Protein chains: 2
Amino acid sequence: MPKPSYSIGALAEATATKVETVRYYERIGLLPEPGRTAGNYRSYGETHLGRLSFIRRARDLGFTLDQVRTLLGLAESRDSDCCTVDAIAQDHLTDIERKIADLKALRRELRDLIGQCQKGAISECRIIGALSPR
Amino acid sequence: MPKPSYSIGALAEATATKVETVRYYERIGLLPEPGRTAGNYRSYGETHLGRLSFIRRARDLGFTLDQVRTLLGLAESRDSDCCTVDAIAQDHLTDIERKIADLKALRRELRDLIGQCQKGAISECRIIGALSPR
DNA sequence: CTTGACCCTGTAGTGACTACAGGGTGCAGA
DNA sequence: TCTGCACCCTGTAGTCACTACAGGGTCAAG
């Protein structure tokens, strides 16, 4: 049987990606250029599907495209070890933990502000007051 | 005594803002155009300082520039009430809470992944494995 | 033979800045 | 007076990760 092939729309749908995003990944060199049909349509194979799935999963986990690029490179080089991968994931985890802490601090401040709102006139608004200097 | 005036650098420093950012706020109409000196330098007064402080505080609390614009408008119109301000703050709080929940889910996934790392060869790496399809 | 869904390239827009390039201004020290 | 330097000016382009056109071409069904 012949190898399966996907149009850009089919590939996009299979990976919950927009068509424009697939072309974007190609443009920035994250996804290799596929073959073309007689009518100049992109024609993708299983390796493209696998690679795009990898990219989307990593993106869903919040890795940057740069990190994804590195992870893809590592996944392909059989002769390096797992430490770099682990380091990237660890760095990312640290980032996320910092963001969670920042957002919690922010939430606390906002809750305090909102709790003070008396629904009165602007001139007595505590939120505006808290934002205004002095 | 004469009114105090600030150069763009002084204003930026007083509000922990970069000079380019101050000019950017002016360009997008968030900060009114200041007067100019003989040498065409921007010359700011106390109202500019107050307004920029307001903007920075709101930004630090994570409001978008569009929200800041609305808040500034409300702060200036004495005849509206506090409800709109409260609604903006509430919306923002909801956003933040969703972001915290999303990040926590992500952290859980990443922790699971990292916990499985055996520091072995790439071919056995669980992180890469988890990202790769099937 | 036409309609409509899909595909193509190329460019510009988003948010909130940031970073130049290529010049002008203002002031202190030699 | 000269020179250096920090600061200021405008205008444009870059960042990240897409997203949204405009203006066309392809292809299969009816």
Side-chain angles (χ1 to χ4, degrees), chain A residues 5-31 33-44 48 51-52 54-72 88 91-92 95-96 99 102 106, chain B residues 5-31 33-45 48 51-72 88 91-92 95-96 99 102 106:
Chain A
S5 88
Y6 309 89
S7 69
I8 193 167
L11 194 78
E13 200 183 6
T15 54
T17 309
K18 300 211 169 165
V19 166
E20 288 92 341
T21 305
V22 178
R23 283 196 284 250
Y24 168 71
Y25 288 160
E26 181 183 323
R27 203 164 61 244
I28 63 168
L30 211 55
L31 206 54
E33 290 184 30
R36 297 287 179 134
T37 67
N40 199 31
Y41 283 20
R42 286 171 181 80
S43 172
Y44 296 97
H48 291 103
R51 197 167 165 104
L52 184 52
F54 185 105
I55 294 168
R56 295 307 290 182
R57 267 178 239 207
R59 288 289 301 132
D60 284 349
L61 285 169
F63 289 99
T64 67
L65 286 185
D66 243 30
Q67 288 174 321
V68 175
R69 208 186 292 272
T70 306
L71 289 172
L72 277 166
I88 291 172
D91 277 3
H92 185 39
D95 268 13
I96 287 169
K99 272 180 200 160
D102 287 354
L106 237 117
Chain B
S5 87
Y6 308 90
S7 69
I8 193 167
L11 194 78
E13 199 182 7
T15 55
T17 309
K18 300 210 172 169
V19 166
E20 287 92 342
T21 305
V22 178
R23 283 196 283 250
Y24 169 71
Y25 288 160
E26 181 183 323
R27 203 163 63 246
I28 63 168
L30 212 55
L31 206 54
E33 290 184 30
R36 298 287 180 135
T37 67
N40 200 32
Y41 284 19
R42 286 170 180 81
S43 172
Y44 296 97
H48 291 103
R51 197 168 165 105
L52 183 52
S53 301
F54 185 106
I55 295 168
R56 296 307 289 181
R57 267 178 239 208
R59 289 288 303 132
D60 284 348
L61 284 169
F63 289 99
T64 66
L65 286 185
D66 243 30
Q67 289 174 320
V68 174
R69 208 186 292 271
T70 306
L71 289 172
L72 277 167
I88 291 172
D91 278 4
H92 185 39
D95 269 14
I96 286 170
K99 272 181 200 159
D102 288 355
L106 238 119

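Reckoned from all heavy atoms, side chains included, excluding hydrogens, waters and symmetry mates. Residue numbers start from 1 in every chain, and the chains themselves are labelled A, B, ... in the order their sequence lines are given, proteins ahead of strands. Values in this document were obtained by computation on a predicted structure and should not be read as measured data.
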For the pair made of [atom1] in [X] and [atom2] in [N], what is the distance, rounded to whole Å?
X: Tyr6(B); N: dC7(D); atom1: OH; atom2: C1'; value: 19 Å
X: Leu30(A); N: dC16(D); atom1: CG; atom2: P; value: 13 Å
X: Lys18(A); N: dC7(C); atom1: NZ; atom2: P; value: 15 Å
X: Ile8(A); N: dT26(D); atom1: CD1; atom2: P; value: 17 Å
X: Asp66(B); N: dT14(C); atom1: CG; atom2: C1'; value: 12 Å
X: Glu13(A); N: dA5(C); atom1: CD; atom2: C1'; value: 13 Å
X: Arg27(A); N: dT19(D); atom1: CZ; atom2: P; value: 12 Å
X: Glu33(A); N: dC7(C); atom1: CD; atom2: P; value: 18 Å

If you check every side-chain atom of [X], which of [options] has the closest atom?
X: Tyr41(B); options: dC8(C), dC7(D), dT19(D); answer: dC7(D)
X: Arg59(B); options: dC9(D), dC8(C), dA16(C); answer: dA16(C)
X: Ser7(A); options: dC17(C), dC7(C), dC9(D); answer: dC7(C)
X: Leu65(B); options: dT10(D), dC17(C), dA17(D); answer: dC17(C)
X: Thr21(A); options: dC18(D), dA17(D), dC8(C); answer: dC18(D)
X: Asn40(A); options: dT18(C), dC18(D), dC8(C); answer: dC8(C)
X: Tyr24(A); options: dT9(C), dC9(D), dC18(D); answer: dC18(D)

Min side-chain heavy-atom separation [X]-[Y] under 4.5 Å:
X: Arg42(A); Y: Val19(A); value: no
X: Arg56(B); Y: Tyr25(B); value: yes
X: Phe63(A); Y: Ile88(A); value: yes

Touch check for [X], heavy atoms < 4.0 angstrom, all strands: base, sugar-phosphate only, or nothing?
X: Arg23(B); value: base
X: Thr64(A); value: sugar-phosphate
X: Ile28(A); value: nothing
X: Phe63(B); value: nothing

Which residue lies more 5' along DNA chain D, comparing Glu20(A) with Thr37(A) via nearest heavy atoms | Glu20(A)
Is the backbone of Leu61(A) close enough, under 3.5 Å, to the side chain of His92(A) for a donor and an acceptor to pair up by distance?
->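 Between the backbone of Leu61(A) and the side chain of His92(A) there is a qualifying donor-acceptor contact (under 3.5 Å).
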Could you tell me whether a side-chain N or O of Thr17(A) sits under 3.5 Å from a main-chain N or O of Thr21(A), the two making a donor and an acceptor?
->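 No; judged by distance alone, with no hydrogens or angles, the pair does not exist.
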Does Arg42(B) have a side-chain nitrogen or oxygen under 4.0 Å from the phosphate oxygens OP1 or OP2 of dC9(D)?
->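 For dC9(D), OP1/OP2 do have a side-chain N/O of Arg42(B) under 4.0 Å.
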Phosphate OP1/OP2 of dT10(D) contacted by Arg36(B) side-chain N/O (<4.0 Å) |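 Yes, such a contact exists.
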Hey, what do you get for CD1 (Ile8(B)) to CD (Glu13(B)), rounding to the nearest 0.5 Å?
-> 13.0 Å
